Every structure is written in structure tokens, then in C-alpha cells.
Protein chains: 2
Amino acid sequence: MYSIGDLSRRTGVKIPTIRYYEQMGLIEAPERSEGNQRRYEKRELERLAFIRHARDLGLSIEAIRDLLALSEHPERPCGEADRIATEHLASVREKIARLRKLESELERIVACHGDHTIGDCYVIRALADHSMCESEH
Amino acid sequence: MYSIGDLSRRTGVKIPTIRYYEQMGLIEAPERSEGNQRRYEKRELERLAFIRHARDLGLSIEAIRDLLALSEHPERPCGEADRIATEHLASVREKIARLRKLESELERIVACHGDHTIGDCYVIRALADHSMCESEH
DNA sequence: GTAAACACTCCAGCGACTATAGATATGAGG
DNA sequence: CCTCATATCTATAGTCGCTGGAGTGTTTAC
């Protein structure tokens with residue numbers, strides 16, 4: 001039996017976050033002690049570790065809920081799980097592409113090295129005038 | 001004189017967002033018509049375009065507020081503006097690095113191609129067991 | 001003069017937590 | 001058994017940067 005603090009230490013998920021996950025339906029409401037404190041089994045520890053890992057990988061609560069529901073049915077085909085992960089990979093790749101554009105635009109903008117005044121600062125001028133940009137963003 | 005709708009069309013910033021920026025102190029409360037509607041000058045159009053551009057580049061409201069304050073003093077040195085942009089570039093680079101790790105982890109995970117069952121699905125097993133990962137994330 | 005289009009304020013909601021306040025429970029040492 | 005530090009409880013509000021809706025009033029084009 002673990003207290004919520006034990007669970008938190010073992011998974012690295014903060015206590016209020018665990019309660020939040022319970023509210024969001026990612027973990028079931030556990031048994032309670034006589035004094036109304038949450039008491040968890042190993043099962044729930046594992047489930048929380050799964051959630052933590054998926055969140056670290058950037059999956060949404062919604063996606064995790066779906067994956068957890070799938071994992072309750074080991075006999076079913078795993079196409080859906082694969083689809084969720086693949087879609088998430090695509091969205092990660094989009095974010096990377098977008099950030100790379102920002103990176104190169106910012107690189108150009110900060111080429112001004114702070115050795116003059118605001119009046120002719122490239123940072124400020126570039127922000128004021130979108131047409132100074134190389135690409136759309 | 002522009003109405004809030006004109007401003008919105010010309011900058012691509014949605015109307016509620018313009019009002020939100022006013023609330024946040026990024027743009028001043030403009031004059032009003034007899035019927036209490038906002039009426040803007042060209043100055044405010046340019047200021048909003050600046051904000052839009054900076055937001056597109058991912059700068060926070062806070063950072064934009066600072067940059068706008070700096071741009072009011074063209075005679076001052078621009079080291080601070082440079083610092084803000086440089087710091088932001090660094091944070092963009094961090095995000096990219098992090099997403100790249102996620103990308104490669106997800107690539108490994110989705111290598112399972114949905115042609116079997118949940119019970120032996122790599123996606124589910126990898127999420128349940130962090131030690132299957134190549135690197136920290 | 002009328003109707004469509006536009007704008008006003010206020011407030012709630014998004015996602016995924018995080019923090020606070022004030023009350024109660026638990027567990028270890030004396 | 002008692003005390004006390006620590007842990008936990010609930011409920012609520014705040015974070016960021018918007019976005020949407022309800023209900024009402026204004027402007028403009030015909």
C-alpha cells in the first residue's frame with residue numbers, strides 16, 4: 001500500500017498532479033484509509049508510471065486516456081495504438097519544423113550585437129517590419 | 001481612423017485578442033467614438049503589427065512589453081533588446097533539442113506497425129516501461 | 001427608416017497543471 | 001498515551017495567451 005506521497009516519490013509525478021489525473025479519469029479513485037487518505041496498490045503505481053512516461057513524450061491527456069483504455073484489452077489489434085503514436089510523431093515533427101523557421105529568423109535578427117542604440121537596432125526594426133523576414137512564419 | 005475590425009483585418013489579430021492586449025497593457029486604450037467604440041490611429045496599427053510579429057516568433061507577452069518599452073527610447077543602447085532576442089533564441093533551440101529527442105524515441109516506438117494485438121504492441125509496452133528508452137527525456 | 005454588420009462589456013472555458021488556505025490524519029519519539 | 005512534525009484532505013483560484021458566447025448597443029449602406 002502506498003500513500004499519495006509514496007506514489008509521487010516513486011513516479012516523479014507531483015501530488016496535486018496525481019489528484020488531477022484522478023479527477024480527469026486517468027486513474028481510478030483508490031481505496032481510502034480510515035482517515036480518508038488515498039491508499040494505492042502496485043497496479044496504480046504502474047499505471048501512473050505509464051502516464052508519466054507518455055506525458056514526458058508529449059502525449060495529451062486525451063491520447064493517454066485512449067491508450068490506457070486500449071491497454072485494458074490485450075487481445076484486440078493494436079492498430080489504434082499505433083495510429084495515436086504515429087499522429088503524435090507527426091505533430092512533433094511539425095513543431096520541430098516550425099521552430100526551425102523561428103530559429104533561423106531569430107538568428108538573423110540577433111545578428112545585431114547590442115553595440116548601438118534602439119533607434120537603429122535590428123531587433124526592433126525587424127520586429128516592426130515583417131517584410132524584412134526571409135520566410136513566412 | 002480605424003475601427004477595431006479594420007485593425008483586426010489589417011494585422012490578422014482577432015478582435016478579442018486586440019481587446020486582450022489592451023487589457024494586458026501592450027497597447028493603450030484608444031479614443032472612443034460617440035457610441036463608445038474604439039477608434040485607432042496609424043501608430044496603433046503599427047504597434048499591433050509589431051506585437052503580432054513578435055508573437056509569431058514566439059516571444060512572450062512579457063518580453064514584448066519590454067521590447068515595446070525599449071522602442072520608446074531610440075537613443076538608448078540596444079543591449080537589452082539584443083539580450084531578450086538572444087535569450088528567446090536560446091529557448092527556441094532548447095525546445096528543438098527536446099523535441100528531437102522525443103521524435104527519435106517516438107520513431108522507435110511506432111516501429112510496431114499495427115499488425116498485431118495490444119498484448120504485444122510495442123507502443124504500449126514501451127510506454128509502460130521507461131527502461132526500454134534509449135535516452136533520458 | 002430600416003436592416004445588416006459591427007462593436008460593446010462581462011464572463012467562462014481551454015490544457016495541464018500549480019499553489020494556497022484551512023482543516024484533519026498519520027507515525028515516530030518520549 | 002501524548003505530542004508534534006509531517007503528510008494529506010478538500011475546495012478554490014491562478015497560470016498563459018487567448019477564444020467564444022450572451023445579451024445589448026452603434027454604425028453604415030441602401
Side-chain angles (χ1 to χ4, degrees), chain A residues 1-27 29-40 44-45 48 50-68 84 87-88 91-92 95 98-99 102 137, chain B residues 1-27 29-40 44-45 48 50-68 88 91-92 95 98-99 102 137:
Chain A
M1 292 291 240
Y2 307 100
S3 73
I4 197 168
D6 294 336
L7 216 63
S8 173
R9 271 183 295 281
R10 280 162 192 270
T11 59
V13 178
K14 289 188 183 156
I15 290 172
T17 306
I18 297 174
R19 293 198 274 245
Y20 169 76
Y21 288 160
E22 184 182 319
Q23 232 183 291
M24 292 301 101
L26 292 193
I27 49 186
E31 287 172 48
R32 299 287 182 126
S33 69
E34 297 222 331
N36 198 37
Q37 300 193 352
R38 290 169 180 79
R39 293 291 177 264
Y40 298 94
E44 287 146 308
L45 179 67
L48 189 55
F50 182 105
I51 296 167
R52 166 85 212 259
H53 193 187
R55 281 295 302 136
D56 281 352
L57 288 168
L59 287 149
S60 69
I61 298 286
E62 195 49 34
I64 295 170
R65 209 198 313 274
D66 292 348
L67 288 170
L68 285 167
I84 291 169
E87 261 178 28
H88 182 60
S91 91
V92 166
K95 273 184 203 144
R98 182 171 152 68
L99 285 171
L102 296 193
H137 49 244
Chain B
M1 292 292 243
Y2 307 100
S3 73
I4 198 167
D6 294 337
L7 216 65
S8 173
R9 271 184 295 282
R10 280 161 192 269
T11 58
V13 178
K14 289 187 182 158
I15 291 172
T17 307
I18 297 175
R19 291 198 273 248
Y20 170 76
Y21 287 162
E22 183 182 320
Q23 232 183 291
M24 293 298 102
L26 291 192
I27 50 185
E31 285 173 49
R32 297 289 181 124
S33 72
E34 296 221 333
N36 198 36
Q37 299 193 354
R38 290 169 179 81
R39 292 293 176 263
Y40 297 95
E44 285 146 310
L45 178 67
L48 188 56
F50 181 106
I51 295 167
R52 166 83 212 261
H53 192 188
R55 281 298 300 138
D56 282 353
L57 287 167
L59 287 149
S60 71
I61 297 287
E62 196 49 33
I64 296 170
R65 209 199 311 274
D66 292 348
L67 287 170
L68 285 167
H88 181 59
S91 91
V92 166
K95 274 184 201 143
R98 182 170 153 71
L99 285 171
L102 296 193
H137 46 248

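Note on naming: letters A, B, ... go to the chains in the order of the sequence lines (proteins, then strands), and numbering restarts at 1 for each one. Remember, predicted model here, so these are calculated numbers, not experimental data. Just the heavy atoms: all of them, side chains too, but no hydrogens, waters or symmetry mates, feed the values below.
- Across residues 58-67 of chain A, not one residue has a non-hydrogen atom less than 4.0 Å from an atom of DNA chain D.
- Side-chain contact between Ser8(B) and Ile15(B): present, with at least one pair of heavy atoms (C-beta onward) separated by less than 4.5 Å.
- Taking a cutoff of 4.0 Å between a charged side-chain nitrogen and a carboxylate oxygen, Glu31(B) and Arg38(B) do not qualify as a salt bridge.
- Rounding to the nearest 0.5 angstrom, the gap separating the CZ atom in Arg19(A) from the CD1 atom in Ile27(A) is 11.0 Å.
- Taking the charged nitrogens against the carboxylate oxygens, Glu62(B) and Arg65(B) do have a contact shorter than 4.0 Å, which makes a salt bridge.
- By the 4.5 Å heavy-atom criterion applied to side chains, Leu26(A) and Tyr20(A) are not counted as neighbours.
- The interatomic distance linking Asp56(A) (CG) with dA16(C) (C1') rounds to 13 Å, in whole Å.
- Remark: Arg98(B) CZ to Asp56(A) CG distance equals 6.5 Å, nearest 0.5 Å.
- For Arg39(B) (side chain) and Arg32(B) (main-chain N/O), no donor-acceptor pair under 3.5 Å exists by modelled atom type.
- Residues Ile18(A) and Tyr40(A) are in side-chain contact: their nearest non-hydrogen atoms beyond the backbone lie under 4.5 Å apart.
- Contacts between residues 8-20 of chain B and DNA chain D, defined by a heavy-atom separation under 4.0 Å, are made by Lys14(B), Pro16(B), Thr17(B), Tyr20(B).
- Checking the phosphate oxygens (OP1, OP2) of dT9(C), a side-chain nitrogen or oxygen of Arg38(B) falls inside 4.0 Å.
- Here Thr17(B) contributes atom OG1 and Leu48(B) contributes atom CG; the two are 9.5 Å apart, rounded to the nearest 0.5 Å.
- For Glu31(B) and dA7(C), the CD to P distance is 17 Å, given to the nearest whole Å.
- When all heavy atoms are compared, the tightest approach of Glu44(A) to Pro30(A) is OE2-CB, 3.5 Å.
- The salt bridge (charged side-chain N to carboxylate O under 4.0 Å, His left out) check on Arg55(B) picks up nothing, with sequence neighbours excluded.
- The closest side-chain heavy-atom distance from Val13(A) to Ile51(A) is not below 4.5 Å.
- Between the CE atom of Met24(A) and the P atom of dC17(C) there is a distance of 10 Å, rounded to whole Å.
- Whole-Å rounding puts the Gln23(A) CD to dT18(C) P distance at 14 Å.
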Please list, pair by pair, any protein nitrogen or oxygen found under 3.5 Å from a nitrogen or oxygen in nucleotides 25-28 of chain C.
{"from": "dA25(C)", "atom 1": "O4'", "to": "Gln37(A)", "atom 2": "NE2", "distance (Å)": "3.4"}
{"from": "dT26(C)", "atom 1": "OP1", "to": "Ser33(A)", "atom 2": "OG", "distance (Å)": "2.8"}
{"from": "dT26(C)", "atom 1": "OP1", "to": "Gly35(A)", "atom 2": "N", "distance (Å)": "2.9"}

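- Among pairs with a residue in residues 1-16 of chain A, those fulfilling salt bridge (charged side-chain N to carboxylate O under 4.0 Å, His left out) read Asp6(A)-Arg9(A), at least two apart in sequence or across chains.
- Think of the region where chain B sits on DNA chain D: with heavy atoms and a 4.0 Å cut, that region ends 5' and 3' at dG17(D) to dT27(D).
- Atom CG of Asp6(B) is separated from atom C1' of dC6(C) by 10 Å (rounded to the nearest Å).
- Distance Glu22(B) CD to dA7(C) P: 14 Å, rounded to the nearest Å.
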